Amino acid sequence: MRPRASSGWDGREVTAVAGIPMYAAVLGPASAPEVVCVHGLGCSHRYFLPLARHLAPASRVVAVDLPGFGRTPGPREPLDIRGLSLALAGWLRATGRGGAPLVANSVGCQVVVDLAAHSPELAGPMALIGPTMDAGARSAWRQGVRLAANTALERPLLVPVLARDYLVCGPRRYFATLAAALADPVEDKLGLVRAPAVVVRGARDLIASRSWARRVAGLLPRGELAEVPGAAHTLNYSAPAGVVRALRASALAGVIPAAGASPVTGP
């Protein structure tokens, strides 16, 4: 199903997965290689628009909203990381996108790594942008302090985008998903990722530390680390050109083609 496009995107899709209509925004020509974007905690497809504009038209970017976030309704009880990754797996199967490259940010990185653990055939090459949860700061308090400090380093227009998405998912779902992410030892699953993966970190990221990003990249069987100078945590919104440069210099250069010429504007 392809209803009317939302602001800034070429189109959108709604696909039924286990009774839930999962929403995805699309940008780029239908003939281009597809890239799937997976959002972080409390977010939605909306903050992937700046990166999507840099990847299109060389790629067709599909940014999915996981259950309970953005325009995808969620079950009454918030899903944990495994529940979210199973929903993503169902959506990949239903849309025929299994094996497509995955670009994830923050907690979305935990979701796609978990996907690789239970459904490796669906997990394509990965760009893990600012992966969580840093094992050196695995508590709600420490993550909250880091998030507040990091917000001051992002593009100011990101604040209203995330504020709207946080209101949509609501505090109950937000904090339940945060607790689930904190309880998810992602480092124990990184060795199960068969596909090539690039960890992309902003040099000023206060949420995913440099030591943690190095550890994540080192535990990935085919992992590498790229750092974007001057950028913070939400690179897909605040430093999309830096993400494109990092991908072009990585093993994913031929897997996620990037045009890189489009202007960057907020949703």
Side-chain angles (χ1 to χ4, degrees), residues 15 17-18 22 24 33-41 43 45 48 51 55 59 61-69 72 79-135 138 177 180-201 207-208 212-226 235-236 243 246-247 250-256:
T15 305
V17 178
M22 288 185 63
E34 289 193 325
V35 175
V36 172
C37 294
V38 183
H39 62 78
L41 175 62
C43 307
H45 70 278
F48 273 110
L51 179 60
L55 294 175
S59 298
V61 182
V62 186
V64 62
D65 287 347
L66 298 173
F69 302 97
T72 298
L79 299 175
D80 59 9
I81 297 300
R82 176 53 57 89
L84 292 171
S85 75
L86 288 172
L88 177 61
W91 179 83
L92 289 168
R93 289 191 181 97
T95 60
R97 294 190 172 103
L102 301 169
V103 177
N105 171 243
S106 199
V107 171
C109 299
Q110 293 179 248
V111 173
V112 300
V113 168
D114 193 72
L115 172 77
H118 63 71
S119 300
E121 74 283 0
L122 298 175
M126 299 178 185
L128 304 177
I129 302 173
T132 53
M133 290 286 180
D134 188 335
R138 199 165 275 165
T177 308
L182 289 168
D184 174 59
V186 65
E187 62 270 25
D188 294 345
K189 294 177 276 189
L190 292 169
L192 300 175
V193 179
R194 300 174 184 172
V198 179
V199 176
V200 185
R201 177 186 179 270
I207 296 174
W212 170 246
R214 285 175 176 165
R215 183 180 178 190
V216 172
L219 288 172
L220 289 162
R222 302 170 65 186
E224 58 182 290
L225 175 63
L235 297 167
N236 46 292
V243 174
L247 294 178
S250 75
L252 301 189
V255 178
I256 304 180

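We number each residue from 1, following the sequence as shown. Just so it is clear, the model here is predicted, and its values are computed rather than measured.
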Colleague: Just how far is it from atom CG of Leu128 to atom CZ of Arg201, taken to the nearest 0.5 Å?
Modeller: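 Leu128 atom CG to Arg201 atom CZ measures 14.5 Å (nearest 0.5 Å).
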Colleague: To the nearest 0.5 Å, what is the distance between CG (Asp134) and CG (Leu182)?
Modeller: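 So the CG of Asp134 and the CG of Leu182 are separated by 11.0 Å.
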Colleague: Please tell me if the side chains of Ser106 and Leu41 come closer than 4.5 Å, counting only heavy atoms from C-beta onward.
Modeller: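 Of all side-chain heavy-atom pairs linking Leu41 with Ser106, none is under 4.5 Å.
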Colleague: Tell me whether Arg222 contacts the main-chain N or O of Arg194 through its side chain, where contact means a donor paired with an acceptor under 3.5 Å.
Modeller: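 Pair found, side chain donor or acceptor close to backbone of Arg194.
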Colleague: Please round to the nearest 0.5 Å and tell me the distance separating atom CD1 of Ile207 and atom CH2 of Trp212.
Modeller: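 Rounded to the nearest 0.5 Å, the CD1-CH2 separation comes to 14.0 Å.
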Colleague: Can you give me every donor-acceptor pair (side chain of residues 80-87, partner residue at least two apart or in another chain, under 3.5 Å) with its distance?
Modeller:
{"unit_1": "Asp80", "atom_1": "OD1", "unit_2": "Arg82", "atom_2": "N", "d": "3.3"}
{"unit_1": "Asp80", "atom_1": "OD1", "unit_2": "Gly83", "atom_2": "N", "d": "2.7"}
{"unit_1": "Arg82", "atom_1": "NE", "unit_2": "Asp114", "atom_2": "OD1", "d": "3.4"}
{"unit_1": "Arg82", "atom_1": "NE", "unit_2": "Asp114", "atom_2": "OD2", "d": "2.6"}
{"unit_1": "Arg82", "atom_1": "NH2", "unit_2": "Asp114", "atom_2": "OD1", "d": "3.1"}
{"unit_1": "Ser85", "atom_1": "OG", "unit_2": "Arg82", "atom_2": "O", "d": "3.0"}
{"unit_1": "Ser85", "atom_1": "OG", "unit_2": "Asp114", "atom_2": "OD2", "d": "2.5"}
{"unit_1": "Ser85", "atom_1": "OG", "unit_2": "His118", "atom_2": "NE2", "d": "2.9"}

Colleague: Any salt bridge between Arg93 and Glu121, counting N to O under 4.0 Å?
Modeller: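 Salt bridge: yes.
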Colleague: Begin with the C-alpha distance, continue with both residues' side-chain angles, and end with the deciding distance and a verdict on side-chain contact (heavy atoms from CB on, under 4.5 Å) for Leu115 and Leu92.
Modeller: CA-CA 11 Å; Leu115 172 77; Leu92 289 168; 3.7 Å; yes
Colleague: Under 4.5 Å between any side-chain heavy atoms of Thr132 and Cys109, yes or no?
Modeller: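 Of all side-chain heavy-atom pairs linking Cys109 with Thr132, none is under 4.5 Å.
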Colleague: Out of curiosity, Phe48 CZ to Leu55 CG, how far, rounded to the nearest 0.5 Å?
Modeller: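 Result: 10.0 Å between the selected atoms.
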Colleague: How far apart are the C-alpha atoms of Leu66 and Leu88, what are their side-chain angles, what is the distance that settles it, and do they pass the side-chain contact (heavy atoms from CB on, under 4.5 Å) test?
Modeller: CA-CA 7 Å; Leu66 298 173; Leu88 177 61; 4.2 Å; yes
Colleague: Could you tell me which non-hydrogen atom of Ala208 sits nearest to which non-hydrogen atom of Pro131, and how far apart they are?
Modeller: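 Taking every non-hydrogen atom into account, CB-O, 3.5 Å.
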Colleague: Indicate the atoms forming the closest heavy-atom contact of Pro67 with Thr72, along with that distance.
Modeller: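 Shortest heavy-atom separation between Pro67 and Thr72 comes out as CA-CG2, 3.6 Å.
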Colleague: Side chains of Val103 and Leu51: closer than 4.5 Å at any heavy-atom pair?
Modeller: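 Side-chain contact under 4.5 Å: yes.
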Colleague: Checking side-chain contact (heavy atoms from CB on, under 4.5 Å) against Arg97, which of Leu102, Val62, Leu122 comes through?
Modeller: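 Answer to the side-chain contact (heavy atoms from CB on, under 4.5 Å) test with Arg97 among Leu102, Val62, Leu122: Val62.
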Colleague: Heavy atoms only: give me the nearest Leu252-Ala127 pair and the separation to one decimal.
Modeller: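 Here Leu252 and Ala127 meet closest at CD1-N, 4.0 Å.
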Colleague: Would you check if Val107 and Met133 make a side-chain contact, meaning some heavy-atom pair closer than 4.5 Å?
Modeller: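 Yes - at least one pair of side-chain heavy atoms lies under 4.5 Å apart.
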Colleague: Please give me the minimum heavy-atom distance between Met126 and Ala116, naming the atom from each residue.
Modeller: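 Where Met126 meets Ala116 most closely, the heavy atoms are CE-CB, 3.9 Å.
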Colleague: Mind checking whether Leu235 and Asn105 have side chains closer than 4.5 Å, heavy atoms only?
Modeller: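 Leu235 does not reach Asn105 side chain to side chain.
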Colleague: Please report the shortest heavy-atom distance between Val64 and His39, naming the atom on each side.
Modeller: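 Result for this residue pair: O-CD2, 3.3 Å.
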Colleague: Looking only at heavy atoms, which two atoms of Pro221 and Gly191 are closest? And how far apart?
Modeller: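 Minimum heavy-atom separation between Pro221 and Gly191: CG-O, 3.4 Å.
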Colleague: Less than 4.5 Å apart, side chain to side chain, heavy atoms only: is that true for Asp184 and Lys189?
Modeller: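 A side-chain contact exists here, since the closest heavy-atom pair is under 4.5 Å.
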